[in-house]
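Everything below concerns the one structure shown next.
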Amino acid sequence: MHKAYDYIVIGAGSAGCVLADRLSASGEYSVLLLEAGGKDRDIWIHVPLGYGRTFFNPTVNWMFETEPQPGLNGRRIAQPRGKGLGGSSSINGLLYVRGQREDYDGWRDLGNRGWGYDDVLPMFKRSEDQQRGANPWHGTGGPLPVTDLPEKHPISEAFIAAGVKAGLPHNPDFNGERQEGVGPFQATAKRGLRYSTAKAFLRRALKRPNLDLLMRAQVTRILFDGVRASGVAFVQDGKATEVSARREIILSAGAIQSPHILQLSGIGPGGLLSQYGIPVVKDLPGVGENLQDHVQARFIFETKKKITLNDDMANPLRQIRMGLNYMLTRKGPLGWWAGIAGAFIKTRPDLDRPDIQFHLYPFSTDRKDKPVLHPFSAFTLTVCQVRPYSRGYVRIKSSDPLVPPAISPNYLSDPRDAKVLAAGMQMAKKVAAAEPLASMIKSEKEPGPSVRSDEDLLSFLRAKAMSVYHPVGTCRMGHDENAVVDDELKVHGVFGLRVVDASIMPTLISGNTNAPSIMIGEKGAELVLRDASLRNSQAA
């Protein structure tokens with residue numbers, strides 16, 4: 001390992017692997033990628049349905065949890081984050097959802113130049129190898145496969161038909177011209193295997209001599225020479241090490257750990273840092289604030305026929321058949337992702353775009369620390385508000401880098417969120433009551449047929465709701481006094497330091513967050529390389 005590199009990337013996650021690939025591609029720059037976790041060897045990382053195991057495996061997951069949430073009856077809520085190559089793209093539910101045009105145009109309208117939908121669409125297309133082919137919204141030939149589920153499921157087909165019967169437009173592509181409607185999800189998978197960013201981007205990059213990767217390297221702080229980021233301190237195998245950056249340090253540790261590392265390094269709210277004896281390099285009050293996350297209600301419907309994963313796992317012969325089918329054809333339940341169909345809907349007709357997302361799962365579980373499938377045949381329909389108003393924080397609780405920060409999304413702290421979610425839950429009941437789905441349902445197990453009023457639905461939500469695991473916003477992009485990075489993703493008030501991951505989102509996008517995180521990696525790499533080219537031309 002060299003003691004100095006042109007670029008140091010902290011975190012081999014959804015954006016970090018993209019950065020390592022793009023920054024090393026020309027061979028012109030030396031790049032060091034630091035990852036606190038290990039290799040992505042666990043078999044359940046690569047089997048799509050394995051996310052049910054990786055969500056609760058401390059070997060590949062940081063196993064964070066929130067502070068007690070008053071809006072959810074004081075419960076602590078799990079916050080899984082990927083630990084290892086690929087980061088959360090190695091443990092997530094695989095869904096490829098970009099969000100809405102208006103999400104990105106909203107970022108642009110906040111003063112962030114270059115972040116409107118027309119600006120970021122080429123970044124999405126650059127990464128993509130779309131199974132359906134290229135069109136104005138999709139690209140082919142990129143490193144990231146985006147594919148359809150190779151087979152249809154009767155519950156999925158019935159759900160889509162029922163949604164149309166309930167008044168939703170059919171939409172075969174949530175990432176196309178419009179998002180609204182009901183239809184199938186696509187995912188980052190190929191031939192029945194997960195494609196994390198480690199597999200799609202990093203594997204090819206590691207063949208280059210100008211990229212070094214250090215695993216199990218826990219970053220303790222970013223080093224500064226005055227207000228210029230000059231290097232990184234980390235611990236690997238119990239040994240403290242420092243390495244220097246000649247050009248830039250790029251923090252890509254995610255919405256929980258990026259603000260945590262900044263705070264440990266003296267970048268953050270001055271009062272908070274002083275409380276733990278951390279010398280203040282730059283007083284940035286917004287570091288760790290503006291945390292946003294998706295929360296969901298889960299409806300469980302018992303089915304009349306034994307056509308769910310619950311039934312497959314309850315029967316040894318069906319388990320064997322399921323395993324053989326996957327090994328021989330890469331099809332069947334083991335190849336499913338987290339939501340094989342879904343919908344984006346408006347809770348009011350006067351809205352200009354959807355504010356609720358449904359996910360359909362052909363199984364059901366209590367989803368505790370070690371989730372166990374229910375002993376009856378059932379499927380799950382989740383209800384998620386895509387643009388929550390509630391805001392929370394990530395704050396250090398110690399100067400010790402190994403002590404996790406306080407995480408508090410403050411779910412439902414804004415009363416508008418409860419109102420939207422109640423309307424979404426009413427619509428979920430409406431879809432479930434429509435044919436042909438209604439004829440497949442034996443009973444509504446949760447919240448139950450007697451839970452009908454908005455008040456009762458919200459009581460159920462507060463008692464049972466969980467995160468969809470989409471934290472963003474804690475190093476917000478903008479130009480006001482509470483922003484952390486500018487629209488080139490450079491940290492305000494210091495030099496040689498950028499943040500490139502989901503933490504820079506000013507507002508949470510309307511959907512799942514992995515595809516936007518990969519886009520941010522693409523955009524961040526373009527910004528870094530543009531500056532490098534300008535610097536090289538000036539030197540010449």
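- Note: Ile91 CD1 to Ile45 CD1 = 8.5 Å, rounded to the nearest 0.5 Å.
- Asn512 and Gln357 share a side-chain donor-acceptor pair at under 3.5 Å.
- For the pair Ser258 (side chain) and Ala253 (backbone), a donor-acceptor distance under 3.5 Å is present.
- Applying the ring-ring contact (aromatic ring centres under 6.0 Å, His included) test to Phe363 and every residue at least two apart in sequence or in another chain returns Tyr361.
- Without hydrogens or angle criteria, Ser88 side chain to Gly82 main chain gives a donor-acceptor distance under 3.5 Å.
- A donor atom on one side chain and an acceptor atom on the other are found under 3.5 Å apart for Gln79 and Ser467.
- Residues satisfying the side-chain contact (heavy atoms from CB on, under 4.5 Å) criterion with Met63, sequence neighbours excluded, are Pro58, Asn61.
- Atoms CD1 and CD, on Ile300 and Glu446 in that order, are 4.0 Å from each other to the nearest 0.5 Å.
- Pairs engaging residues 299-325 under the ring pair (Phe, Tyr, Trp, His ring centres under 6.0 Å) rule: Phe301-Phe379 [sequence neighbours left out].
- Of all non-hydrogen atoms in Asn410 and Gln69, the two that sit nearest each other are N-OE1, 2.9 Å.
- With 3.5 Å as the limit, one finds a donor-acceptor pair spanning the side chains of Asp355 and Thr347.
- Here the side chain of Gln131 pairs no donor or acceptor atom with the backbone of Asp129 at under 3.5 angstrom.
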Inset, instruction - Start with the C-alpha distance between Ser510 and Asp103, add both sets of side-chain angles, then the distance that settles side-chain hydrogen bond (donor to acceptor under 3.5 Å, both in side chains), and finish with yes or no. - result: CA-CA 7 Å; Ser510 304; Asp103 296 331; 2.9 Å; yes

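- Sequence neighbours left out, not one pair with a member in residues 37-49 passes salt bridge (charged side-chain N to carboxylate O under 4.0 Å, His left out).
- A donor-acceptor pair under 3.5 Å is absent between the side-chain atoms of Thr382 and the main chain of Gln296, judged by distance alone.
- Expressed to the nearest 0.5 Å, how far CG of Leu211 lies from CG of Leu23 amounts to 9.5 Å.
- Between Leu72 and Met466, every side-chain heavy-atom pair lies at or beyond the 4.5 Å cut-off.
- Using a distance-only test at 3.5 Å, with no hydrogens or angles considered, a donor-acceptor pair links the side chain of Thr474 to the main chain of Ala255.
- In this model, no donor atom of one side chain and acceptor atom of the other lie less than 3.5 Å apart for Ser377 and Asn310.
- Gln236 places a side-chain N or O within 3.5 Å of a backbone atom of Met215 that can act as its donor or acceptor partner.
- Residues that satisfy the side-chain contact (heavy atoms from CB on, under 4.5 Å) test with His294, not counting sequence neighbours, are Cys384, Val386, Pro388, Val468, His470, Leu508.
- For Ala314, there are no side-chain contact (heavy atoms from CB on, under 4.5 Å) partners at least two apart in sequence or on another chain.
- The SG atom of Cys17 lies 9.5 Å from the CD1 atom of Ile518; values are rounded to the nearest 0.5 Å.
- Side-chain atoms of Ser24 never come within 3.5 Å of backbone atoms of Asn210 as a donor-acceptor pair (strictly under, hydrogens ignored).
- Side-chain N/O atoms of Arg387 and Gln100 include a donor and acceptor closer than 3.5 Å.
- Under a 3.5 Å cut-off, the side chain of Glu128 and the backbone N or O of Gly139 do form a donor-acceptor pair.
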Inset, instruction - Any chance you could lay out the side-chain hydrogen bond (donor to acceptor under 3.5 Å, both in side chains) test for Asn514 and Ser89, step after step, and finish with the verdict? - result: CA-CA 7 Å; Asn514 189 52; Ser89 76; 4.9 Å; no

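- Residue pairs meeting the salt bridge (charged side-chain N to carboxylate O under 4.0 Å, His left out) criterion with at least one partner in residues 423-444, sequence neighbours excluded, are Glu302-Lys442, Lys429-Glu444.
- Judged purely by atom type and a 3.5 angstrom limit, Ser196 has no side-chain atom pairing as donor or acceptor with the backbone of Ser90.
- Between Tyr117 and Tyr104, the two ring planes are tilted [angle within 30° to 60°].
- For Arg53 and Trp44, the positive end sits near the middle of the six-membered ring, less than 6.0 Å away and at most 45° from its axis.
- With 3.5 Å as the limit, one finds no donor-acceptor pair spanning the side chains of Ser408 and Thr66.
- Residue pairs meeting the salt bridge (charged side-chain N to carboxylate O under 4.0 Å, His left out) criterion with at least one partner in residues 13-25, sequence neighbours excluded, are Asp21-Arg204, Asp21-Arg208, Arg22-Glu522.
- From Asn92, atom CG reaches atom OG1 of Thr54 across 8.0 Å, with rounding to the nearest 0.5 Å.
- Using modelled atom types, no side-chain atom of Arg462 and backbone atom of Leu412 make a donor-acceptor pair closer than 3.5 Å.
- Listed by chain and residue number, Ser14, Ala502 satisfy the side-chain contact (heavy atoms from CB on, under 4.5 Å) test with Ser517 (two or more places apart in sequence, or in another chain).
- For residues 131-150, the salt bridge (charged side-chain N to carboxylate O under 4.0 Å, His left out) pairs, not counting sequence neighbours, are Arg132-Asp148.
- The two residues Gly133 and Thr140 make their nearest non-hydrogen contact at C-CG2, 3.6 Å.
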Residues 163-178, side-chain donor-acceptor partners within the protein, below 3.5 Å, at least two apart:
residue, atom, partner, partner atom, Å
Asn171, OD1, Asp173, N, 2.9
Asn171, ND2, Arg178, O, 3.0
Asn171, ND2, Gln179, O, 3.1
Asn171, ND2, Glu180, O, 3.1
Asp173, OD1, His138, NE2, 3.4
Asp173, OD1, Asn175, N, 2.9
Asp173, OD1, Gly176, N, 3.4
Asp173, OD2, His138, NE2, 2.7
Asn175, OD1, Arg98, N, 2.8
Asn175, ND2, Tyr96, O, 2.9
Arg178, NH1, Glu180, O, 2.6
Arg178, NH2, His170, O, 3.2

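- With contacts defined as side-chain heavy-atom distances shorter than 4.5 Å, the pair Leu291/Ile407 qualifies.
- At a threshold of 4.0 Å, the pair Arg126-Glu526 counts as salt-bridged, since one of the basic side-chain nitrogens sits closer than that to a carboxylate oxygen.
- Both tests do not hold together for Lys464 against Phe460: distance to the six-membered ring centre under 6.0 Å, angle to the ring axis within 45°.
- Annotation: the span from Ile356 atom CD1 to Phe344 atom CZ amounts to 11.0 Å, rounded to 0.5 Å.
- Between Arg298 and Asp366 there is no salt bridge, since no side-chain N of the basic residue sits under 4.0 Å from a carboxylate O of the acidic one.
- Checking Glu151 against His153 by side-chain atom types alone, no donor-acceptor pair falls below 3.5 Å.
- Judged purely by distance below 3.5 Å, without hydrogens or angles, the side chains of Asp311 and Thr308 pair a donor atom with an acceptor atom.
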Considering only distance and modelled atom types, tabulate donor-acceptor pairs under 3.5 Å from the side chains of residues 317-326, sequence neighbours left out.
residue, atom, partner, partner atom, Å
Arg318, NE, Asp312, OD1, 2.9
Arg318, NH1, Lys306, O, 3.3
Arg318, NH2, Lys306, O, 3.2
Arg318, NH2, Asp312, OD1, 2.9
Gln319, NE2, Met313, O, 2.7
Asn325, OD1, Thr329, OG1, 2.8
Tyr326, OH, Gly192, O, 2.5

